[in-house]
There are 4 protein chains.
Amino acid sequence: MSIDAGSMTRAERKRAEQAAQLRAEIVDAAFAEFAAVGYHATTIADIARRLSVSPGTVYNYFKNKRDIVDHVVSRLEAQLRAALVGDNAPGTARTLAEFRAQTMRIATAVDALFYADERMARVLLFEVTAIDATMTERVLAMFDAAHQISFESLTDGARRGFLRDDVDIGATADVIVGVMISASVRNLRNSYPAADRQAWREAAVGVLIEGIAARG
Amino acid sequence: MSIDAGSMTRAERKRAEQAAQLRAEIVDAAFAEFAAVGYHATTIADIARRLSVSPGTVYNYFKNKRDIVDHVVSRLEAQLRAALVGDNAPGTARTLAEFRAQTMRIATAVDALFYADERMARVLLFEVTAIDATMTERVLAMFDAAHQISFESLTDGARRGFLRDDVDIGATADVIVGVMISASVRNLRNSYPAADRQAWREAAVGVLIEGIAARG
Amino acid sequence: MSIDAGSMTRAERKRAEQAAQLRAEIVDAAFAEFAAVGYHATTIADIARRLSVSPGTVYNYFKNKRDIVDHVVSRLEAQLRAALVGDNAPGTARTLAEFRAQTMRIATAVDALFYADERMARVLLFEVTAIDATMTERVLAMFDAAHQISFESLTDGARRGFLRDDVDIGATADVIVGVMISASVRNLRNSYPAADRQAWREAAVGVLIEGIAARG
Amino acid sequence: MSIDAGSMTRAERKRAEQAAQLRAEIVDAAFAEFAAVGYHATTIADIARRLSVSPGTVYNYFKNKRDIVDHVVSRLEAQLRAALVGDNAPGTARTLAEFRAQTMRIATAVDALFYADERMARVLLFEVTAIDATMTERVLAMFDAAHQISFESLTDGARRGFLRDDVDIGATADVIVGVMISASVRNLRNSYPAADRQAWREAAVGVLIEGIAARG
DNA sequence: GATGAATGAGTCTTCATTCAT
DNA sequence: AATGAATGAAGACTCATTCAT
């Protein structure tokens, strides 16, 4: 996959860059089209037309239509992963206040992602799952990853004593993932202004933390 | 649509019943097929074959394929509505204990619905949304309805004083819907035994109620 | 494959007959088209057009284009087999004269087949072998079958003593098959009148029999 | 087409040689690919890849794909012609023994050709004929040429008196060509060791000569 | 009302060929 | 002369829908 740039001539390097660029543009165009009219309603010709390119060209970069969605989803996966980790790695919060702050950071990051581009939610939650079992599995695995991160974070909080020790961590992690999904979905119908969204996040996180914080 | 049974002969009535029966069977078969292989991968012939009937017959009962999904979704809507209301109409809980009990009843009903037939979650969440904007809108409206019921229930609880009055009711309702979605989705990957599911519900509801119950 | 006609209604039987008829017509049309312009140059639409039928209809009868050639070749195989056996089963000749007569009968039957319809040679020898390895194998197997029949006939002749016992039977059988192929191929270029063909057969069979007949 | 070498500088000459070389290599590569997967399954890119050259380059040497096969076939034609004539020109045999020896030489040469490279038979007999009528005609013309040579040889033998004068020379020539084809085809299925092939040739030639030699 | 064969529009995909660099 | 990305025409195949029986 990685290309030994050292062994390439200048011309080759330039060509490789242009190829990578077009690949990326195809993924972009496909993503846009999938979000706009759906995977099945999108034809390869549609994607090509967005780039003023011929259908054949698309096939110079991707094996087939299925291959294109795979790359679209990979990009979304990477974006989501970036939002979920970053400086928010689980286990770094030492106090309830820090935990709350960290949770808010993650919520804000995820929200920014889905809010900045509501197409993400549309494609990921509503289009891609209908393609086939493998694709569905990938999406479910993404939910699982989010669950995993929550789980670790909560486990750590319980160990450090600022979260109740009688709470069911698995169930709580599910609740957290559910909130994320729910927020994404609701945003598709009714785009809320950024300020409301901040308030919403604080409220939701507040409810959660109240529910799991150690008493006293 | 409604049939004036009074003016029908016995033979006519019998025929009308059989027709209604076949209509229902077609919806069933379509649902099963959509869940098994997806909406787009399902052909009219597949549905017909399940009923040992010809494709043409299907068109005697439904205008087109799109019309069939519409009815499939209507049935799922009705089932969900039944689970959400019934004797669980919002505003009937008078104490926190009653509220908790009611919430558990709803959670159990919804869970029973999705657990009894995981195909429901699959079709509703993963297949149907990819069909077109109208269909997606219907699903979002179902989420909205669930949100509405939660919202009313919470509002009532706050008014009666057993829920904190500083809680953001809208956000909390979103959390509740999110939990439902999350639970449904996770069950698709990993079927949990009924006992575990009961424990899970209690834990999740516990977290929620702790988070919103009036202090003291 | 065989259909239990007894369990069919009259209407079903009629429909089955019509289906079988159309299947056969498609094979005919495909054969004609393959012979005229070749397998690769033939489109499904071409075949359909010959029958004033839509392309989709062709696919109601055959899985794909490859499936159609398979049936075309099966039909040719059956025709060839019929020409090679019939009352010409190996081992029935008791004297050299009978052997010569039998050989002539077979030669005449094969010639009639290829002469009656030069498309047979064209499709079998020149078109079908270019499709894929499996198809080529089928054609080679047909040559093998012809070889086998010759071989048995010659073996029997040697055993009965009217053929030279020092002759290489395998090689001779190859020669016989070669003559058949050669005659078929040459006919493609230059259609000879029936009388000439009869003379040709007698000459060729004469050369062969002279070469292998027991001396004295 | 022909190049006036006299007016070329050394550099020009070298370049012309390299061009001729690459042309030849393209023909080689195409031949190899056609034999391996067939004419239609071979893409220009496949041929180019074999030579570590770009598809565009191929078009600097040949007008189109069809043009390439034409040259492939020309090369095969030349090889076959070389095997059939050489010191085996018809009319040089003076006695039956010489005739037999000459026939064996030709048979051995042809066999060597097809045995050394079974791809020849595959391409010539099984691939190339399916391309178009012109190509088929070329192959038939090759058979004709072989027939012609046999015919002349036999005519000469009859004139000199060591072959029967009542034999049908045309039919006999057909038999000879048929034997060549048959041997080539059979070798495609079952590669025989060189020793067996020698024996086979002797047997087949023996049968033939016995059949046509003058008696007494 | 049931049938199921016929329809043909609609897409993906391939690949020979071109041409700007 | 070599390159290789772009092209777009062409064709196999699917399947929702129709309609004569």
Side-chain angles (χ1 to χ4, degrees), chain A residues 9 11-12 14-16 18-19 22-23 40-48 51-68, chain B residues 15-16 18-19 22 40-49 51-68, chain C residues 9 11-12 14-16 18-19 22-23 40-48 51-68, chain D residues 15-16 18-19 22 40-49 51-68:
Chain A
T9 68
E12 281 170 344
K14 187 173 171 196
R15 208 175 303 197
Q18 284 176 335
L22 186 44
R23 263 184 85 86
H40 279 102
T42 297
T43 69
I44 298 296
D46 290 336
I47 296 171
L51 301 173
S52 302
V53 138
S54 84
T57 296
V58 173
Y59 282 88
N60 285 337
Y61 292 84
F62 294 93
K63 191 153 52 67
N64 51 35
K65 194 179 172 184
R66 187 60 172 63
D67 189 25
I68 299 176
Chain B
R15 206 173 302 159
Q18 284 176 336
L22 185 45
H40 277 102
T42 296
T43 69
I44 299 295
D46 289 336
I47 297 171
R49 203 173 308 112
L51 302 172
S52 303
V53 137
S54 85
T57 298
V58 173
Y59 280 85
N60 285 335
Y61 290 84
F62 294 93
K63 190 151 53 66
N64 51 35
K65 192 180 174 184
R66 186 61 173 66
D67 189 25
I68 300 175
Chain C
T9 67
E12 282 171 343
K14 187 173 172 196
R15 208 174 301 195
Q18 284 175 336
L22 186 44
R23 263 184 85 87
H40 279 103
T42 297
T43 69
I44 299 296
D46 290 335
I47 297 171
L51 301 173
S52 303
V53 139
S54 85
T57 296
V58 173
Y59 283 90
N60 285 337
Y61 292 84
F62 295 93
K63 191 152 52 68
N64 51 34
K65 194 180 171 185
R66 187 61 170 66
D67 188 26
I68 299 176
Chain D
R15 206 173 301 160
Q18 284 176 336
L22 185 45
H40 278 103
T42 296
T43 70
I44 299 295
D46 289 336
I47 296 171
R49 203 173 309 114
L51 301 172
S52 303
V53 138
S54 85
T57 297
V58 173
Y59 280 85
N60 285 333
Y61 290 84
F62 294 93
K63 190 151 53 68
N64 51 34
K65 192 180 175 184
R66 187 61 173 68
D67 188 25
I68 299 175

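Letters A, B, ... are given to chains in the order of the sequence lines, protein chains preceding strands, and every chain is numbered from 1. Heavy-atom basis, side chains included; hydrogens, waters and symmetry copies ignored.
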Which of E:dG8, E:dT7, E:dA2 is nearest the side chain of C:Val53? It is E:dT7
Separation of F:dA12 atom P from D:His40 atom NE2, nearest Å, is 12 Å
From CG of D:Asp46 across to P of E:dT14 the rounded distance in Å is 13 Å
Taking five pairs at each terminus, the helix from E:dA2-F:dT21 to E:dT21-F:dA2 shows an axis bend, to 10°, of 10°
At 4.0 Å (heavy atoms only), tell me whether A:Arg15 reaches a base, stays on the sugar-phosphate, or touches nothing. sugar-phosphate
From CG of D:Leu51 across to P of F:dA1 the rounded distance in Å is 17 Å
request  = Kindly say if A:Tyr61 contacts the phosphate of F:dA6, meaning a side-chain N or O under 4.0 Å from OP1 or OP2.
outcome  = yes
B:Arg15 atom CZ, over 12 foreign heavy atoms within 6.0 Å:
no
Whole-Å distance, B:Arg49 CZ to E:dT3 C1', equals 15 Å
Taking every heavy atom of D:Pro55 against every heavy atom of D:Ala48, the minimum-distance pair comes out as N-CB, 3.7 Å
Using only heavy-atom distances, determine whether the side chains of C:Asn60 and C:Thr57 contain a donor-acceptor pair under 3.5 Å.
-> no
Do B:Ile68 and B:Ile44 come close enough that some side-chain heavy atom pair is under 4.5 Å? yes
Return no unless some side-chain N or O of A:Thr57 is found under 4.0 Å from OP1 or OP2 of F:dT7.
-> yes
Regarding F:dA6, can its base be found pairing with the side chain of A:Asn60 as donor and acceptor, where the two atoms are less than 3.5 Å apart? yes
For C:Thr43, which contact category applies under a 4.0 Å heavy-atom criterion: base, sugar-phosphate, or nothing? sugar-phosphate
Comparing D:Ser52 with A:Pro55, nearest DNA chain F nucleotide closer to 5' gives the residue D:Ser52
Separation of F:dG4 atom P from A:Leu22 atom CG, nearest Å, is 17 Å
Separation between OG1 (D:Thr42) and NE2 (D:His40), nearest 0.5 Å, reads 10.0 Å
Here the distance between atom P of E:dT17 and atom NZ of D:Lys65, to the nearest Å, is 8 Å
Short side-chain N/O contact from C:Ser54 to OP1 or OP2 of E:dG8, under 4.0 Å: no
OH (D:Tyr61) and CG (D:Asp67) are apart, to the nearest 0.5 Å, by 14.0 Å
A:Ile44 CD1 to E:dG10 P, in whole Å, measures 18 Å
To the nearest angstrom, the NZ-P distance between D:Lys63 and E:dT18 comes to 10 Å
Sorted by position of nearest nucleotide on DNA chain E, 5' first, the leading residue of C:Val58 and D:Ala45 is C:Val58
- With respect to the phosphate group of E:dT17, does any side-chain polar atom (N or O) of D:Tyr59 fall under 4.0 Å of OP1 or OP2? yes
